[in-house]
Amino acid sequence: SGFSYIVSAKARDRVGNEQSVFVAGESSNTFQYEADAPSSLVTSISSGAIYREIALISGTADDQGLLSNISLVELQIRDFNINNIEDGDDAYWNGTSWIASTYVAVNFVGGASGTWSYTNIPAFTGGRTYRLSVRARDAGCNQESDKPGPIFKVDKTSPTASIPKS
């Protein structure tokens, strides 16, 4: 992975005549092979944090192989639902509603490395727990394995204060 290769062909006919002149691109071809998947990371949300509102989710993506650029970055927003436990009853944001399971494409800026952002944020429900996961794919169709990202909570309840009467 990450190397350039040259494939050459030499012709010989049935009577034994062999090709003596080689022309690059006709008798040979050079190609690069990369099998390394890119990597990505959520940077705007911290695991264990509590948020009231989120307007933007963002991060980075990088293809260390440097033979091909990032072609796609996808984000998964997972709602642990009312039980706040990661289980089979979870819902996933598809860009417009919560469904069984999905990733959504994000806006990536860069080449072999860069930043990504997502602004089509769902209306998070207070008192719930969520997980973000992100994955990237390069132009060679090498896709990053799914991996769990940060888990965070949403709290939309304002605190109250009172002064006791004496």
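The structure presented is a predicted model; accordingly, all values stated were derived computationally and were not measured.
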Note: Glu144-Arg137 ion pair, threshold 4.0 Å (strictly below): no

Test item: Pro122 and Trp98 side chains (from C-beta on) under 4.5 Å apart, heavy atoms: yes

Taking every non-hydrogen atom, the tightest pair across Ser133 and Pro148: OG-CA, 3.7 Å

Nearest-0.5 Å distance that lies between atom CD1 in Ile99 and atom CG in Asn94: 4.5 Å

Distance (rounded to the nearest 0.5 Å) between Leu132 CG and Tyr118 OH: 11.0 Å

Backbone N/O of Asn84 and side chain of Lys153: donor-acceptor pair under 3.5 Å: no

Glu18 and Lys10: CA distance, side-chain angles, deciding distance, salt bridge (charged side-chain N to carboxylate O under 4.0 Å, His left out) verdict: CA-CA 7 Å; Glu18 286 189 3; Lys10 185 176 186 179; 3.1 Å; yes

Leu56 atom CG: more than 12 heavy-atom contacts under 6.0 Å: yes

Heavy-atom pair of closest approach, residues Ala37 and Asn142: CA-CB, 3.9 Å

Separation of Tyr130 OH from Phe124 CZ (nearest 0.5 Å): 6.5 Å

Separation between OG1 of Thr96 and CG of Asn120, rounded to the nearest 0.5 Å: 8.0 Å

Pair Ser71, Asn69: side-chain N/O donor-acceptor within cut-off below 3.5 Å: no

Non-hydrogen atoms of Lys147 and Ser40 that approach each other most closely: NZ-O, 3.1 Å

Exam field: side chain Asn83 to backbone Ile85, donor-acceptor pair closer than 3.5 Å: yes

Distance in Å, Thr60 OG1 paired with Trp116 CH2, rounded so as to fall on 0.5 Å steps: 8.5 Å

Within one Ile-Leu-Val-Met-Phe-Trp-Tyr cluster: Ile77 and Leu72, side-chain cutoff 4.5 Å: no

Closest contact, heavy atoms only, Val73 versus Ala61: CG2-CB, 3.9 Å

Salt bridge (Lys or Arg N to Asp or Glu O under 4.0 Å): pairs with one or both residues in residues 38-47, sequence neighbours excluded: none

Cluster link Leu75 to Val154, ILVMFWY, side chain under 4.5 Å: yes

side-chain contact (heavy atoms from CB on, under 4.5 Å) between Glu53 and Lys156, intermediate numbers included: CA-CA 8 Å; Glu53 297 291 333; Lys156 295 186 175 193; 3.7 Å; yes

Connected-component partners of Ile163 among ILVMFWY, side-chain separation under 4.5 Å: none

For Gln19, side-chain hydrogen bond (donor to acceptor under 3.5 Å, both in side chains) partners two or more places apart: Ser27

Qualifying salt bridge (Lys or Arg N to Asp or Glu O under 4.0 Å) pairs, either residue in residues 101-129, two or more places apart: Asp79-Arg128

Output side-chain donor-acceptor pairs under 3.5 Å for residues 101-112, partner residues at least two apart or in another chain, one line each.
unit_1: Tyr103; atom_1: OH; unit_2: Asp146; atom_2: OD1; d: 3.3

Where Ser44 and Tyr51 come nearest, the two heavy atoms and their spacing: O-OH, 4.0 Å

Distance-only side-chain donor-acceptor flag, Arg52 / Ser158, under 3.5 Å: yes

Interatomic distance, Leu41 atom CG to Thr43 atom OG1 [nearest 0.5 angstrom]: 6.5 Å

Linked hydrophobic residues, Ile151 as query - side chain contacts closer than 4.5 Å: Phe80

Nearest non-hydrogen partners of Ser28 and Ser8, listed with the distance: CB-OG, 3.7 Å

